[in-house]
*Asks:* 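After the structure tokens below, expect a handful of questions from me.
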Amino acid sequence: MDAPCAIVGAMTVAVRLPRRKKSRTPEVAELLAWYDRHARALPWRARRGERPDPYRVWLSEIMLQQTTVKAVAPYYARFLSRWPTIDALAAASLDDVLRAWAGLGYYARARNLHTCAKVVVELHDGQFPSDMAALRALPGIGDYTAAAVAAIAFNVPTVPVDGNVERVVSRLFAVEKEFPAAKPVIKQLAASLLPSDRAGDFAQALMDLGATICSPKRPACALCPWPDACLANARGNQEMFPRKAPKREGQLRCGAAFVVFRSDARVLLRRRPDKGLLASMMEVPGSEWTHDFDQSRAQRSAPRLRAKVQWQRLRGTVRHVFTHFPLELVVFAAQVPRATTAPKGARWVKIDELRDEALPNLMRKVLAHALDRR
DNA sequence: CATCCGTGGCG
DNA sequence: TCGCCAAGGAT
């Protein structure tokens with residue numbers, strides 16, 4: 001079989017055409033073998049041979065939606081410690097859950113999490129269903145999470161397609177179609193890889209591959225278990241995938257925030273509406289956030305207080321970036337006497353106890369800004 | 001299908 | 001500094 005090239009000797013090396021890596025069908029066994037060696041040890045993962053706890057799988061999946069492993073880890077530990085079972089979580093108050101979630105973002109997840117726990121307890125006797133359709137019907141569970149829980153917790157043969165899997169698959173098959181139009185194609189391609197067993201390991205292997213090797217930038221293809229199967233790798237244009245249309249950035253919005261200090265070391269807080277941005281979370285009083293905010297009229301939106309209030313405009317601003325727009329707030333501060341009562345819908349909170357409140361990070365920035373300049 | 005919904009880290 | 005984007009879901 002060897003080519004007869006004894007005559008030329010060293011010349012052969014120089015003359016021989018560069019060996020072209022032939023793209024071939026990805027072998028799932030190679031990925032699973034890689035996973036057996038390199039699986040990340042994550043707090044919510046069952047140890048080898050142990051049955052995964054559907055509650056833990058679900059809790060971690062909700063937290064991990066659009067959120068990094070590092071950010072989730074401490075929250076997951078606190079939640080699991082405080083509410084070790086779905087019954088415990090279902091019995092908690094929504095406000096306790098929101099306070100425990102504060103800082104993690106996407107607060108609708110926390111409310112859906114709480115609702116979902118109660119539904120599972122009431123409708124499913126406290127046991128997560130393994131059926132995809134039943135999972136999909138639960139609040140906060142979409143296509144991805146339903147498939148992830150089914151596969152990881154129950155080994156149901158399905159492939160959850162998240163951002164990692166989309167990236168891996170789009171490179172593997174060099175999917176030229178742009179997002180989000182490419183999503184159905186990628187789902188189909190991902191499903192075509194599904195092995196006949198180890199659905200949970202396969203799902204997590206794909207995600208680990210995407211998270212640690214097949215990264216968005218500078219993927220470590222030399223360490224990939226599928227180097228030859230990957231079309232993008234063969235072409236050397238890995239970073240061209242997945243192809244995404246450029247998204248336009250949101251327009252700057254501005255507004256004012258009002259921090260009222262009462263002389264007994266408390267500040268005035270109120271709860272936001274239960275829908276929309278930062279829903280149900282706490283905030284300091286403030287103006288609307290608009291594109292044409294007029295700073296000279298900012299104090300019109302200050303909270304109405306019995307006491308005569310001298311507002312002081314604090315120097316500097318608080319900047320924050322939401323998913324779809326950047327925000328810049330000017331901050332006003334005032335001191336009021338101990339006897340001052342809170343306006344309707346607001347309450348006084350001890351400065352020392354602010355950390356226990358359901359305050360999104362934006363509001364923590366505002367409070368820190370005011371406390372620094374007190 | 002498009003938009004809304006947080007936050008932190010990283011190149 | 002800044003844009004990108006991370007285990008998406010709801011509307």
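Letters A, B, ... mirror the listed sequences (proteins, then strands); counts begin at 1.
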*Asks:* Rounded to whole angstroms, how far apart are CG on A:D208 and C1' on C:dA7?
*Replies:*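 Between C1' of C:dA7 and CG of A:D208: 10 Å.
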*Asks:* Under 3.5 Å, is there a donor-acceptor pair linking the side chains of A:S287 and A:R300?
*Replies:*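 Side chains of A:S287 and A:R300: no pair found under 3.5 Å.
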*Asks:* What contact category does A:L42 fall into here, base, sugar-phosphate, or nothing, at under 4.0 angstrom with non-hydrogen atoms?
*Replies:*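 Base contact.
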*Asks:* When you get a sec, tell me which of C:dA6, B:dT7, B:dC5 is the closest nucleotide to the side chain of A:Y106?
*Replies:*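 Nearest to the side chain of A:Y106 among the choices is B:dC5.
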*Asks:* Within the 4.0 Å heavy-atom criterion, would you say A:V165 contacts the bases, only the backbone, or no part of the nucleic acid?
*Replies:*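 If one applies the 4.0 Å heavy-atom cut-off, A:V165 turns out to touch nothing in the nucleic acid.
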*Asks:* Is there a side-chain polar atom (N or O) of A:N164 under 4.0 Å from OP1 or OP2 of C:dA7?
*Replies:*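 Answer yes for this pair, as a side-chain N or O of A:N164 is under 4.0 Å from OP1 or OP2.
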*Asks:* Looking at the base of C:dA10, is there any donor atom on it, or on the side chain of A:R109, that sits under 3.5 Å from an acceptor on the other one?
*Replies:*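 Counting by modelled atom types and ignoring angles, no donor-acceptor contact under 3.5 Å is found here.
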*Asks:* Between A:F325 and A:P180, just flag the one whose closest nucleotide in DNA chain B comes earlier from the 5' side.
*Replies:*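 Result of the comparison: A:P180.
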*Asks:* Please determine, by modelled atom types, if A:Q65 and A:Y144 share a side-chain donor-acceptor pair under 3.5 angstrom.
*Replies:*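 Looking only at side-chain atoms, A:Y144 and A:Q65 do not form any donor-acceptor pair under 3.5 Å.
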*Asks:* By nearest heavy atom, map A:L138 and A:R167 onto DNA chain C; which one lands nearer the 5' end?
*Replies:*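 This one resolves to A:R167.
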*Asks:* Classify A:W58 by what it touches in the nucleic acid, base, sugar-phosphate, or nothing, heavy-atom distance under 4.0 Å.
*Replies:*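 Contact class for A:W58: none.
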*Asks:* Nearest to the A:H320 side chain among C:dA7, C:dA6, B:dG6, which nucleotide is it?
*Replies:*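 My answer, after comparing the listed nucleotides, is B:dG6.
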*Asks:* Hey, are A:K350 and A:D264 close enough for a salt bridge, meaning a charged N less than 4.0 Å from a carboxylate O?
*Replies:*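 No.
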*Asks:* May I ask you to check whether A:F325 and A:F322 place their ring centers less than 6.0 Å from one another?
*Replies:*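 Yes.
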*Asks:* With a 3.5 Å cut-off and heavy atoms only, can you find an N or O donor on one side and an acceptor on the other between the side chain of A:T67 and the base of B:dG6?
*Replies:*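 It does, because a donor-acceptor pair links the side chain of A:T67 to the base of B:dG6 below 3.5 Å.
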*Asks:* Can you confirm whether or not the ring centre of A:W101 sits under 6.0 Å from the ring centre of A:Y75?
*Replies:*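 Centroid separation for A:W101 and A:Y75: 6.0 Å or greater.
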*Asks:* Identify the pairs formed between an N or O of the protein and an N or O of nucleotides 9-11 of chain B at a distance under 3.5 Å, and give each distance.
*Replies:*
none

